[in-house]
Amino acid sequence: MNVYEMTAYEIREKFLNGELTAVEIINSIFDRIDKVEPKINSFVNLRREKALNEAKLLDEKKARGEKLGRLAGVPVAIKDNMLSLGDKATSCSKILSNYESIYDATVVAKLKKEDAIIIGTTNMDEFAMGSTTKTSYWKKTANPFDLDRVPGGSSGGSAASVAASEVPISLGSDTGGSIRQPASFCGIVGLKPTYGRVSRYGLMAFASSLDQIGPLAKNVEDIALTMNVIAGADDYDATVSTREVPDYTKFLNQDIKGLKIGIPKQYFVDGMNEGVKKVIYEAIEKFKTLGAEIIDVDLPHTKYALPTYYVIAPAEASSNLARFDGVRYGYRSENSQDIDKLYTNTRTEGFGDEVKRRIIIGTYVLSSGFYDAYFKKAQKVRRIIKQDFDRAFEKVDVILTPVAPNTAFKLTDVKTPVELYLEDIYTLSANLVGIPAISVPAGKVEHLPVGLQLMGKYFEETTLIKAASAFEKIRGKWELPNLD
Amino acid sequence: MSLSREEILKVAKLSKLSLSDEEIVKFDKELNDILNYINMFNEVDTASVEPLVYMNEEVNNFRENEVRESIEVEKVLLNAHIHEENAIVVPKVIGE
């Protein structure tokens with residue numbers, strides 16, 4: 001078996017037992033990247049020399065008999081909105097096209113401390129705003145299952161890099177579905193943790209009350225392994241919970257007899273692809289054979305999640321992105337005679353259309369005269385949506401839905417902003433409510449993967465891992481494209 | 001509610017963005033489509049509902065006030081377009 005075909009767990013085992021050196025692992029990974037990257041374009045920056053050097057140091061550390069980390073020798077890709085000291089991080093925006101990180105994001109520091117090797121940063125929608133990865137300033141990424149289609153977004157490069165077997169695991173960020181939807185489109189597993197489970201220090205902020213970092217991987221086991229490393233309290237992010245981090249791997253391969261799974265009728269509506277619906281119904285039947293109890297639940301305010309999200313997320317973004325003014329970092333427009341022109345020209349030239357659209361909407365809903373009608377109203381509806389979920393979780397342990405109404409669309413498809421936003425309807429609620437949610441490959445429509453989503457109670461990533469791991473077994477082997 | 005051309009220009013100015021005539025026409029339609037969709041949430045009765053503001057379960061995480069290392073000045077200036085003597089250079093701010 002080639003190294004690139006292995007999971008993180010397998011690579012780590014073979015490194016620890018001496019079957020593979022870290023240098024062999026990294027060389028094999030870069031051979032694979034050289035071969036498939038021209039077709040896929042997952043990465044915007046590769047750490048080729050640095051990664052190889054770190055691998056050599058890791059082999060020496062092992063030779064000295066020192067204690068090795070929990071991800072020893074495992075190659076990891078990170079999204080381009082996460083900081084890694086001395087590396088480029090651009091959020092795939094022109095405005096940060098020359099930005100070099102001056103510290104490690106907490107998640108990156110944790111990966112490095114556990115002896116993982118960072119391979120590079122991955123393509124994304126500019127500032128994580130999008131569901132196709134097409135709004136990147138740098139390039140377009142292809143879906144490994146169909147090179148004419150999008151990988152989803154905004155963590156499209158992170159998803160494609162795993163699906164193309166360029167890395168076994170990657171990190172993404174999820175503000176309204178940006179880990180789960182690309183995971184679904186690319187036929188891999190993606191977890192958005194509970195708000196406050198993983199530190200956001202060193203993640204470029206999009207919408208601070210919604211953003212969460214999470215792992216993408218070939219299987220649920222690697223998700224658990226990665227969560228063990230990245231979750232937990234952080235002095236640099238006061239919104240992270242001080243709750244103890246459980247050993248997520250203990251929830252793999254467990255019996256789920258009696259697990260109560262809620263099915264919300266509001267998620268099975270018109271406009272959903274019939275093939276997707278069929279795959280999800282078949283998955284529900286599989287859960288039944290595992291002894292899970294299927295229960296109808298009501299989430300009556302589901303249709304208001306999209307309007308609520310598209311007030312709160314742009315409002316927070318307009319505030320967060322105010323820092324990009326051409327002064328302290330990033331692109332600066334030339335020939336601006338005064339400071340106001342410097343700000344305006346820099347931002348006008350530096351931001352892409354979707355980012356501008358959201359800044360304008362966000363500024364509008366926060367502006368005097370409209371604050372109560374939009375922003376405050378959205379915060380109130382947000383509470384009502386949360387109450388829907390609180391009530392549903394009195395009856396069930398997890399809620400099962402599709403991840404997206406359709407499979408991956410064509411790279412050439414042109415959609416209006418509202419049409420694109422509607423693609424997020426099943427994933428937004430978990431961010432608005434702050435609960436964890438996982439996307440697991442459930443089947444295919446023609447040759448395109450379909451993910452099922454499991455949403456859980458606060459801090460019960462454990463239950464999601466348990467249910468997803470059990471499902472993965474009954475679903476059977478899942479092949480990733482070889483791309484030869 | 002919908003956005004007029006004047007309102008778009010005003011909000012763009014507040015956002016420190018300048019829009020071309022073409023962009024104004026394009027954004028006018030797109031932004032109004034988005035706002036029309038958003039307005040759907042006015043169907044929800046929120047008269048007796050408190051806004052949901054804080055998502056984290058712990059409101060404050062306190063720690064002892066202690067001296068710690070922070071990022072060196074050289075690193076802070078690394079990404080600044082132009083800097084001199086530990087300061088970032090910008091166009092003249094004070095008028096003649």
Asker: Could you look at Leu85(A) and say if it's the side chain, the backbone, both or neither that has a heavy atom under 4.5 Å from chain B?
Answerer: side chain

Asker: Please classify the contact between Ala378(A) and chain B as side chain, backbone, both or neither, with a heavy-atom cut-off of under 4.5 Å.
Answerer: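 The answer is both parts of Ala378(A).
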
Asker: By a 4.5 Å heavy-atom criterion (distance strictly below it), what part of Tyr331(A) contacts chain B: side chain, backbone, both, or neither?
Answerer: neither

Asker: Measure the spacing between CG of Leu52(B) and CD1 of Ile384(A) and express it to the nearest 0.5 Å.
Answerer: 11.0 Å

Asker: Side chain from CB out, backbone as N, CA, C, O: work out which of these in Leu19(B) comes under 4.5 Å of a heavy atom of chain A, or both, or neither.
Answerer: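 Answer is side chain: those atoms of Leu19(B) sit under 4.5 Å from chain A.
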
Asker: More than 12 foreign heavy atoms under 6.0 Å from NZ of Lys13(B): is that the case here?
Answerer: no

Asker: Quick check for you: among Asp33(B), Val93(B), Leu14(B), Leu31(B), which has the greatest number of heavy-atom pairs under 4.5 Å with chain A?
Answerer: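 Greatest number of close heavy-atom pairs with chain A: Leu31(B).
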
Asker: Report the C-alpha separation of Lys356(A) and Phe27(B) in whole Å, then their side-chain angles, then the decisive distance to 0.1 Å, and conclude whether the side-chain contact (heavy atoms from CB on, under 4.5 Å) test is met.
Answerer: CA-CA 9 Å; Lys356(A) 286 180 186 169; Phe27(B) 277 22; 3.9 Å; yes

Asker: Over all heavy atoms of both residues, which pair between Leu17(B) and Ile360(A) is shortest? Give the atoms and the distance, please.
Answerer: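 That would be CD1-CG1, 4.1 Å.
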
Asker: So which heavy atom on Val76(B) is nearest to which on Ile102(A), and how close?
Answerer: CA-CD1, 4.1 Å

Asker: For a 4.5 angstrom cut-off between non-hydrogen side-chain atoms, does Asn56(B) reach Ser241(A)?
Answerer: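 No, their side chains stay 4.5 Å or more apart.
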
Asker: What are the two closest non-hydrogen atoms of Ala373(A) and Phe41(B), and how far apart are they?
Answerer: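 The pair with the smallest heavy-atom distance is O-CE1, 3.9 Å.
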
Asker: Just how far is it from atom OH of Tyr329(A) to atom CG of Leu78(B), taken to the nearest 0.5 Å?
Answerer: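 Spacing of OH (Tyr329(A)) from CG (Leu78(B)) equals 13.5 Å.
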
Asker: Between Thr346(A), Val365(A), Asp340(A), which residue shows the highest count of heavy-atom pairs closer than 4.5 Å to chain B?
Answerer: Asp340(A)

Asker: Output the distance between atom CD (Glu57(B)) and atom CZ (Arg243(A)), rounded to the nearest 0.5 Å.
Answerer: 4.0 Å

Asker: How far apart are the closest heavy atoms of Leu432(A) and Met55(B), and which atoms are they?
Answerer: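 Nearest heavy atoms, Leu432(A) then Met55(B): O-CE, 3.3 Å.
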
Asker: Step by step, work out the side-chain hydrogen bond (donor to acceptor under 3.5 Å, both in side chains) result for Thr416(A) and Glu30(B).
Answerer: CA-CA 8 Å; Thr416(A) 67; Glu30(B) 289 172 350; over 6 Å; no

Asker: In terms of heavy-atom proximity below 4.5 Å to chain B, should Phe351(A) be classed as side chain, backbone, both, or neither?
Answerer: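 Looking at Phe351(A), just its side chain touches chain B.
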
Asker: Side chain, backbone, both or neither: which part of Gln337(A) has an atom under 4.5 Å from a heavy atom of chain B?
Answerer: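 Contact with chain B involves the backbone of Gln337(A) alone.
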
Asker: Judged by modelled atom types alone, do Glu43(B) and Tyr304(A) share a side-chain donor-acceptor pair under 3.5 Å?
Answerer: yes

Asker: Do the non-hydrogen side-chain atoms of Tyr364(A) and Leu35(B) ever get within less than 4.5 Å of each other?
Answerer: yes

Asker: Heavy-atom cut-off 4.5 Å, strictly under: side chain, backbone, both or neither for Ile385(A) against chain B?
Answerer: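 Nothing of Ile385(A), per the 4.5 Å heavy-atom cut-off to chain B.
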
Asker: Please give me the minimum heavy-atom distance between Lys303(A) and Met40(B), naming the atom from each residue.
Answerer: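 That closest heavy-atom pairing would be O-CE, 3.1 Å.
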
Asker: Between Glu50(B) and Arg383(A), is there a salt bridge with N-O shorter than 4.0 Å?
Answerer: no

Asker: For the interface with chain B, which of Tyr99(A), Phe459(A), Phe375(A) has the highest count of heavy-atom pairs at distances below 4.5 Å?
Answerer: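 Max contact count across the listed options: Tyr99(A).
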
Asker: Passes side-chain contact (heavy atoms from CB on, under 4.5 Å), Glu100(A) versus Asn79(B)? Steps please.
Answerer: CA-CA 7 Å; Glu100(A) 182 185 318; Asn79(B) 285 289; 4.0 Å; yes

Asker: Who pairs with Ser131(A) by side-chain contact (heavy atoms from CB on, under 4.5 Å), at least two apart in sequence or on another chain?
Answerer: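 Per chain and number, Ser131(A) pairs via side-chain contact (heavy atoms from CB on, under 4.5 Å) with Gln181(A), Leu420(A), Asp424(A).
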
Asker: Working note: Lys92(B) + Asp338(A), criterion side-chain contact (heavy atoms from CB on, under 4.5 Å); need CA distance, chi angles, decisive distance, verdict.
Answerer: CA-CA 6 Å; Lys92(B) 199 169 175 184; Asp338(A) 62 55; over 6 Å; no

Asker: Out of Lys377(A), Lys376(A), Arg382(A), which residue meets the side-chain hydrogen bond (donor to acceptor under 3.5 Å, both in side chains) rule with Thr46(B)?
Answerer: Lys377(A)

Asker: Checking Glu7(B) against chain A: side chain, backbone, both or neither under 4.5 Å from a heavy atom?
Answerer: side chain

Asker: After noting the C-alpha distance and the side-chain angles of Ser15(B) and Thr363(A), does the key distance pass the side-chain hydrogen bond (donor to acceptor under 3.5 Å, both in side chains) rule?
Answerer: CA-CA 7 Å; Ser15(B) 312; Thr363(A) 305; 3.0 Å; yes

Asker: Considering heavy atoms only, which positions within residues 84-91 of chain B lie below 4.5 Å of chain A?
Answerer: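 When heavy atoms of chain A are the reference, residues 84-91 of chain B contributes Ile88(B), Val89(B), Val90(B), Pro91(B) within the under-4.5 Å range.
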
Asker: Tell me, side chain or backbone of Asp353(A) under 4.5 Å from chain B's heavy atoms, or both, or neither?
Answerer: both

Asker: Can you list every ring pair (Phe, Tyr, Trp, His ring centres under 6.0 Å) pair that touches residues 192-213 of chain A, not counting sequence neighbours?
Answerer: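 Ring pair (Phe, Tyr, Trp, His ring centres under 6.0 Å) check on residues 192-213 of chain A returns Tyr103(A)-Tyr201(A), Tyr201(A)-Tyr236(A).
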
Asker: Where on Lys10(B) is there a heavy atom nearer than 4.5 Å to chain A: the side chain, the backbone, both, or neither?
Answerer: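 Neither the backbone nor the side chain of Lys10(B) comes within 4.5 Å of chain A.
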
Asker: Any heavy-atom pair between the side chains of Lys16(B) and Leu342(A) that's under 4.5 Å?
Answerer: no

Asker: With a 4.5 angstrom heavy-atom cut-off, which part of Ser318(A) approaches chain B: side chain, backbone, both or neither?
Answerer: neither

Asker: For side-chain contact (heavy atoms from CB on, under 4.5 Å), just list the numbers for Val44(B) and Lys380(A), CA-CA rounded to whole Å, side-chain angles, deciding distance to a tenth of an Å, and then say yes or no.
Answerer: CA-CA 9 Å; Val44(B) 186; Lys380(A) 289 178 176 182; over 6 Å; no

Asker: Go through the side-chain N and O atoms of Tyr374(A) and Asn42(B) and say whether any donor and acceptor fall under 3.5 Å apart.
Answerer: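 No, no side-chain donor-acceptor contact under 3.5 Å.
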
Asker: Can you give the donor-acceptor pairs under 3.5 Å from side chains of residues 63-71 of chain B to other protein atoms, not counting sequence neighbours?
Answerer:
from     : atom 1 : to        : atom 2 : distance (Å)
Glu66(B) : OE2    : Arg68(B)  : NE     : 3.1
Glu66(B) : OE2    : Arg68(B)  : NH2    : 3.3
Arg68(B) : NH1    : Asp235(A) : OD2    : 3.1
Arg68(B) : NH2    : Asp235(A) : OD2    : 3.1

Asker: Below 4.5 Å from any heavy atom of chain B, which atoms of Glu419(A) appear? Answer side chain, backbone, both or neither.
Answerer: neither

Asker: Picking from Tyr54(B), Tyr37(B), Phe62(B), which has the most non-hydrogen pairs under 4.5 angstrom with chain A?
Answerer: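 Looking at each option in turn, the highest pair count goes to Tyr37(B).
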
Asker: Looking at Thr242(A), is its backbone amide N or carbonyl O close enough to the side chain of Glu58(B) to form a donor-acceptor pair, meaning the two atoms are under 3.5 Å apart?
Answerer: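 At least one qualifying donor-acceptor pair exists.
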
